[in-house]
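Below is one structure; the comments refer to it alone.
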Amino acid sequence: MKKITKFLPLVLSLTWMTLQAQPPRGEMDRGERKEQIESMKIAFITQKLALTSYEAKRFWPVYDQYTGELQSLRKDRRERNRDAREDFDKLSEKEIEKLVDDEMIFRQQELDVIKKYHAQFKSVLPIKKVAKLYRAEEEFKRELLERIREKKENVKH
């Protein structure tokens, strides 16, 4: 554990420096940006949870399945809603009702996945670290959005 604690700041620093050395956003394709963000998220969560090597071995496979299921659900939702966004004002009342109903179904499915994996997280981590996981995910989203805003503002100026 002491070795992990000593080397974690070094790993995070190297990850950050590597990410900073990446080409500007416009030069990266979507897949590269997604991988970059995923690497940052893994480093962020690892640091916030202070996982032992034993916990990490048990946690990351479950977390990967969790994020995979959520990403799949969200991708399906985006694909279903793509046409509706473009032609929303042309849709009938029935079509709009179906969109709204589908959104409620999506939200329930998303909650079902979260609840399913909550139980699994509790089986591989102490509850305090499970709580820290949820906080870390929210913190990471906020920090990522802030960085995006800052980049947009820098581009404007």
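We use all heavy atoms of the structure for the numbers below, so side chains are in, but hydrogens, waters and symmetry mates are not.
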*Spacing of OG belonging to Ser92 relative to CD belonging to Glu95, to within rounding of 0.5 Å*: 3.5 Å
*Look at atom CD of Glu146 and say whether more than 12 heavy atoms of other residues, nucleotides or ligands are closer to it than 6.0 Å.*
yes
*asked:* With no hydrogens and no angle check, just 3.5 Å: does a side-chain donor-acceptor pair link Asp112 and Gln108?
replied: yes
*How far does OG1 of Thr52 sit from CZ of Phe59, to the nearest 0.5 angstrom?*
12.0 Å
*Going from CZ on Arg147 to CG on Leu145, what distance comes out if it is rounded to the nearest 0.5 angstrom?*
11.5 Å
*Of all the heavy-atom pairs spanning Ala56 and Pro61, show the shortest one and how long it is.*
O-CD, 4.1 Å
*For the salt bridge (Lys or Arg N to Asp or Glu O under 4.0 Å) test, which of Lys115, Arg74, Lys116 pairs with Glu110?*
Arg74
*Do the side chains of Tyr134 and Glu138 get nearer than 4.5 Å, heavy atoms only?*
no
*asked:* Could you tell me if the side chain of Gln71 sits less than 4.5 Å from the side chain of Lys34, heavy atoms only?
replied: yes
*Is the closest side-chain donor-acceptor distance between Tyr66 and Gln120 under 3.5 Å?*
no
*Flag the pair Glu35 / Glu32 as yes when at least one side-chain heavy-atom distance between them is below 4.5 Å, and no otherwise.*
no
_Walk me through whether Leu49 and Leu125 qualify under side chain to side chain contact (heavy atoms under 4.5 Å, CB included)._
CA-CA 10 Å; Leu49 269 57; Leu125 292 177; 4.1 Å; yes
*Can you check whether Lys41 reaches Thr67 side chain to side chain, under 4.5 Å on heavy atoms?*
yes
*Heavy-atom side-chain contact between Trp60 and Val124 under 4.5 Å*: no
*Only one of Arg80, Arg77, Lys98 forms a salt bridge (Lys or Arg N to Asp or Glu O under 4.0 Å) with Glu103, so which one is it?*
Arg77
*asked:* If you define the side chain from C-beta out and look only at heavy atoms, does anything of Phe140 sit under 4.5 Å from Met40?
replied: yes
*Determine whether Leu73 and Phe106 make a side-chain contact, defined as any pair of heavy atoms from C-beta on separated by less than 4.5 Å.*
yes
*Calculate, to the nearest 0.5 Å, the distance between atoms OG and NE2 belonging to Ser123 and His118 respectively.*
10.5 Å
*What distance do Gln109 atom CD and Asp102 atom CG have between them, rounded to the nearest 0.5 Å?*
9.0 Å
*CG-CZ distance between Leu144 and Arg149, expressed to the nearest 0.5 angstrom*: 10.0 Å
*Would you tell me whether Glu137 and Tyr63 have side-chain atoms, one donor and one acceptor, within less than 3.5 Å of each other?*
yes
*Test side chain to side chain contact (heavy atoms under 4.5 Å, CB included) on Glu97 and Asp101 and set out the steps.*
CA-CA 6 Å; Glu97 181 178 11; Asp101 291 347; 3.7 Å; yes
_Quick check: do Ile45 and Leu51 have side-chain heavy atoms less than 4.5 Å from each other?_
no
